[in-house]
Amino acid sequence: MNQVIDNILTRYSCREFLDKEIPDKELNEILKAAIYAPTAMNTQRWMFTVIKNRKIIQNLAKVMEKALDRQDYNLYEPQILIIPSTPKDLPYGCDDNACAMENIFLAANSFGIGTCWINQMRLIVDDPEVRKVLTEFGIPEENTVYGMVALGYPKNQEHKEIKRVGIITYIE
């Protein structure tokens, strides 16, 4: 099978991670893949904030837990959290971030690194306590976050293939 297709078909959402560092070389390749994603009108107005400290990640999780009113929220305790953000006035910022995140997912999978799309931030990005933390991370007030990427080596290497369903219509 084609390597690219195989990588796409074997990618899955990982929700349990090992406490094992991701080498900088691999992380940099993953981030390079992110910035090579397409953007609407080639604006490339995104920013990627990379949190490598698990304690800081869990502090963010606690703030999010309160804002979401969701008990025991922990972002799946990843080794790294990547937070893409774009200016709020960018009409296609959500799409741009989604493309970058997909590149992150696929690049990480090619290294045997697991990922999970964290989508709750978009609901609470302007909560005062959440925004305070994002500002501390250097994410500008004028930026919004549509999703984040939990990243780490999978705790359970035994992945069961998930059957995918979709409607495909050909018009000839």
Side-chain angles (χ1 to χ4, degrees), residues 3-37 46-68 70-86 94 96-125 127 129-139 143-164:
Q3 283 182 305
V4 173
I5 299 297
D6 184 57
N7 192 40
I8 292 168
L9 298 181
T10 59
R11 190 222 55 84
Y12 68 98
S13 294
C14 177
R15 292 179 175 85
E16 290 186 277
F17 300 99
L18 296 173
D19 185 7
K20 178 181 174 184
E21 285 195 37
I22 295 171
D24 286 340
K25 181 179 180 196
E26 292 177 1
L27 179 59
N28 291 334
E29 289 292 315
I30 292 166
L31 292 164
K32 183 177 181 180
I35 63 172
Y36 272 79
W46 45 30
M47 173 181 177
F48 298 91
T49 303
V50 182
I51 305 171
K52 296 174 71 175
N53 182 310
R54 291 181 105 184
K55 184 177 179 186
I56 292 171
I57 294 168
Q58 287 314 299
N59 287 339
L60 172 62
K62 289 294 177 200
V63 172
M64 290 178 69
E65 174 184 58
K66 183 178 176 189
L68 291 165
R70 188 168 162 188
Q71 193 171 353
D72 299 323
Y73 188 80
N74 65 7
L75 295 167
Y76 304 116
E77 300 179 331
Q79 190 68 32
I80 292 175
L81 185 70
I82 300 174
I83 307 173
S85 64
T86 54
C94 181
D96 295 348
N97 282 349
C99 289
M101 289 172 59
E102 183 65 12
N103 277 14
I104 291 169
F105 299 147
L106 294 173
N109 190 56
S110 76
F111 290 118
I113 297 168
T115 57
C116 190
W117 185 316
I118 307 292
N119 62 10
Q120 293 82 11
M121 181 59 80
R122 71 182 320 149
L123 305 172
I124 57 171
V125 69
D127 174 273
E129 293 302 311
V130 172
R131 180 50 72 178
K132 180 181 174 191
V133 173
L134 295 176
T135 301
E136 289 170 1
F137 292 161
I139 298 172
N143 277 21
T144 193
V145 178
Y146 295 103
M148 304 182 296
V149 181
L151 198 69
Y153 288 101
K155 194 174 213 175
N156 181 0
Q157 296 292 335
E158 295 295 320
H159 171 64
K160 295 177 183 172
E161 186 175 330
I162 299 170
K163 182 177 174 150
R164 302 292 177 150

query: Yes or no on side chain to side chain contact (heavy atoms under 4.5 Å, CB included) for Thr49 and Val145, after CA distance, side-chain angles and deciding distance?
result: CA-CA 11 Å; Thr49 303; Val145 178; over 6 Å; no

- request: List the steps, then state whether side chain to side chain contact (heavy atoms under 4.5 Å, CB included) holds for Leu151 with Phe17.
  value: CA-CA 8 Å; Leu151 198 69; Phe17 300 99; 5.8 Å; no

Full working for side chain to side chain contact (heavy atoms under 4.5 Å, CB included) between Gln79 and Asp19: CA-CA 6 Å; Gln79 190 68 32; Asp19 185 7; 3.5 Å; yes

task: May I have the step-by-step check of side chain to side chain contact (heavy atoms under 4.5 Å, CB included) for Leu134 and Met121, ending in yes or no?
output: CA-CA 11 Å; Leu134 295 176; Met121 181 59 80; 4.1 Å; yes

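Expressed to the nearest 0.5 Å, how far CD1 of Ile22 lies from CD1 of Ile80 amounts to 4.0 Å. If you take CG on Leu60 and CE on Met148, they are separated by 5.5 Å, rounding to the nearest 0.5 Å. Taken to the nearest 0.5 Å, the CD1 atom of Ile5 stands 4.5 Å off from the CD1 atom of Ile8. From Ile51, atom CD1 reaches atom CZ of Phe137 across 3.5 Å, with rounding to the nearest 0.5 Å. Rounded to the nearest 0.5 Å, atoms OH (Tyr146) and CG (Asp96) are 9.0 Å apart. If you take CD on Glu136 and CG on Asn59, they are separated by 9.5 Å, rounding to the nearest 0.5 Å.
Residues meeting the side chain to side chain contact (heavy atoms under 4.5 Å, CB included) test with Lys25, sequence neighbours left out: none. Looking at residues two or more places apart in sequence or on another chain, you find a side chain to side chain contact (heavy atoms under 4.5 Å, CB included) between Asn53 and Lys55, Ile56. Among residues two or more places apart in sequence or in another chain, the side chain to side chain contact (heavy atoms under 4.5 Å, CB included) test is passed with Val63 by Glu129, Val130, Val133. For Glu65, the salt bridge (charged side-chain N to carboxylate O under 4.0 Å, His left out) partners at least two apart in sequence or on another chain are Lys62. Shown here are the side-chain hydrogen bond (donor to acceptor under 3.5 Å, both in side chains) partners of Tyr76, two or more places apart in sequence or in another chain: Arg15. Scored by the salt bridge (charged side-chain N to carboxylate O under 4.0 Å, His left out) test, Lys52 finds Asp24 as partners (sequence neighbours excluded). Remark: Glu21 pairs with no residue by the side-chain hydrogen bond (donor to acceptor under 3.5 Å, both in side chains) rule, at least two apart or across chains. The side chain to side chain contact (heavy atoms under 4.5 Å, CB included) check on Lys20 picks up Leu18, Tyr153, with sequence neighbours excluded. Residues satisfying the salt bridge (charged side-chain N to carboxylate O under 4.0 Å, His left out) test with Lys32, not counting sequence neighbours, are none. With sequence neighbours left out, the salt bridge (charged side-chain N to carboxylate O under 4.0 Å, His left out) criterion links Asp72 to no other residue. Under the side-chain hydrogen bond (donor to acceptor under 3.5 Å, both in side chains) criterion, Arg122 pairs with no residue, sequence neighbours left out.
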Determine all donor-acceptor pairs shorter than 3.5 Å in which one atom belongs to a side chain in residues 103-118; sequence neighbours excluded.
| from | atom 1 | to | atom 2 | distance (Å) |
| --- | --- | --- | --- | --- |
| Asn103 | ND2 | Ala33 | O | 2.8 |
| Asn109 | ND2 | Asn7 | O | 3.1 |
| Asn109 | ND2 | Asn7 | OD1 | 2.7 |
| Asn109 | ND2 | Thr10 | OG1 | 3.1 |
| Ser110 | OG | Ala107 | O | 2.6 |

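Under a cut-off of 6.0 angstrom, the local environment of OH in Tyr36 is sparse, with at most 12 non-hydrogen atoms contributed by other residues, nucleotides or ligands.
Nearest approach of Ile35 to Phe48, heavy atoms of both residues: CG2-CE1, 3.6 Å. Taking both residues in full, the closest heavy atoms of Asn143 and Ser85 are given as ND2-OG, 3.0 Å, listed atom of the first, atom of the second, then distance. Annotation for Leu75 and Met64: closest pair CD2-SD, 4.0 Å, computed over non-hydrogen atoms. Closest heavy-atom contact between Trp46 and Ala37: CH2-O, 3.3 Å. Listed here is the closest heavy atom pair of Met47 and Ile139: CE-CA, 4.1 Å. Heavy-atom minimum distance, Asn74 versus Gln58: O-NE2, 3.0 Å.
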